[in-house]
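Count residues from 1 along the sequence. Order of listing sets the numbers, starting from 1, for every ligand and every atom in it.
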Amino acid sequence: MLGLDRQSPTLYGPDSMNVLVTGGCGFIGSNLVHWLRKNRPTWTVVNLDKLTYAGNLENLSALEGDPKHVFIQGDIANRELVDHVIRTHRIDAIMHLAAESHVDRSILGPEAFIKTNVLGTQVLLEAARHAKVNRFLMVSTDEVYGSLGPTGLFTETTPLSASSPYSASKASSDLIALAYEHTFGLDVVVTRCSNNYGPYQFPEKLIPLMVINALNDKPLPVYGDGLNVRDWLHVEDHCAALTTVLEKGKKGGVYNIGGNSERTNIVIVKTILQAVGKPETLIKYVQDRPGHDRRYAIDATKIRTELGWQPTFVFEKALADTVKWYLDNRTWWERVTSGAYRQYFDSQYKARLEKH
Ligand code: NAD
Ligand code: DAU
């Protein structure tokens, strides 16, 4: 196994290493596990995931029998378990994605967000410090910066100004990770990425929710005036960026990741309706999300110029391909939208849809 070479601009050599991916059964995590197995075939990927409602082992069924993917079901907040995993699998680096990730759920119930995102991250950092793990990649979010007006972009020096319980919990974990670098010298790198889209996204998030509602001829609930803006990035571009930062990022460095694809929500919803051949009469403007951030937009100059990463997917084509993925994988989303999902959907949308 090749260890850390601190003299080299590339942190890890081409030989094998053991990377712990937390949250590897979620949307970005499962895409990342696939991406790493394909693009870093000598690495062993140890995947620690609690399998909450958002975690789905079925996303990784193609890797069944692969000796270089090891799945462990468990909670990142369990220190004993985390110590055991790091020790027995001789973990060289951690890519930390496990989180409660949905803003609306953090408004319905913030507690789980503090437990997993804040305490869980601190447990992992402490375990990494004691085990002398070579590098800790903290996957944060652009939501830590708060909301933009009609112009301007978030840079890495934009002050943090989180709005929702979700983004406040991510800002906390982001700063705690940086504190472990500053105070204890742990080799931490932080990424702050914009909105992802692509296969295996849980259908509570805008794009899969709208595709699936449209296919079921159900109302498409657009919050507020539909003019909130997000900067969309294909999940595979995100996976490449995360790996680039892990391999080449500067210790203690923060890297914004974005897709140069700002769109209003209503434009996204209309594009989806067109793609699946459904009428715009399905659009239903509903009560706004409390504290709804108006606009996110990323300046990704630093990661491009320092590390050579830039997005490769073209939004309109990749969105069409994503819609097609949901059309082709009906059994996947039918399974994840049964049972508990229905209860969530009712508590989140029933009153909103009835009031308007
Ligand atoms: P997701 O909700 O789809 O997946 C989260 C995964 O974490 C699930 O598999 C879940 O089972 C697991 N998990 C939750 N709590 C856990 C715990 N206590 N212990 C172990 N595993 C646990 O989330 P996602 O959209 O894939 O996001 C992944 C990460 O990327 C998160 O940290 C999120 O904040 C960040 N992020 C997401 C986006 C986006 O657009 N989705 C953008 C920027 C950053
Ligand atoms: O910016 C990065 C963040 O992007 C990540 O950190 C989060 O984990 C991820 O969930 C995402 O947060 P958003 O709140 O931006 O994503 P969401 O898909 O929930 O909403 C996108 C936009 O669509 C937002 O303006 C709210 C709006 N929306 C969302 C839903 C679910 C609607 O209008 N109707 C809906 O039903």
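- The shortest N or O to N or O distance between Arg230 and ligand 2 is below 3.5 Å.
- The heavy atom nearest to atom 2 (C) of ligand 2, considering only Leu209, Asp142, Leu220, Ile207, is found in Asp142.
- With sequence neighbours excluded, the residues that form a side chain to side chain donor-acceptor pair (under 3.5 Å) with Thr157 are Thr155.
- Residue pairs meeting the ring pair (Phe, Tyr, Trp, His ring centres under 6.0 Å) criterion with at least one member in residues 96-130, sequence neighbours excluded: His96-Phe136.
- Arg129 and Tyr180 are not linked by any side-chain donor-acceptor pair at a separation below 3.5 angstrom, with hydrogens and angles left out of the test.
- Considering backbone and side-chain N/O of Asn228, none are found under 3.5 Å from N/O of ligand 2.
- Proximity annotation for atom 9 (O) of ligand 1: of Ile28, Asp49, Thr22, Leu206, Asp49 comes nearest, heavy atoms only.
- Side-chain atoms of Gln201 and Tyr326 include no donor-acceptor pair closer than 3.5 Å.
- The shell of residues lying under 4.0 angstrom from ligand 2, judged by heavy atoms, includes Met210.
- Summarising the local packing, NE2 of His84 is surrounded by 12 or fewer heavy atoms from other residues, nucleotides or ligands at distances under 6.0 Å.
- Using 4.0 Å as the threshold, Tyr166 has a heavy atom nearer than that to some atom of ligand 1.
- Considering only non-hydrogen atoms, atom 13 (N) of ligand 1 lies nearest to Thr52 out of Ile207, Thr52, Leu48.
- Note on ring orientation: taking the six-membered ring where Trp is involved, the planes of Tyr296 and Phe154 are tilted (angle from 30° to 60°).
- For His292, the closest heavy-atom approach to ligand 2 falls below 4.0 Å.
- With a 4.0 Å heavy-atom cut-off, ligand 1 is reached by the side chain of Lys170 but not by its N, CA, C or O.
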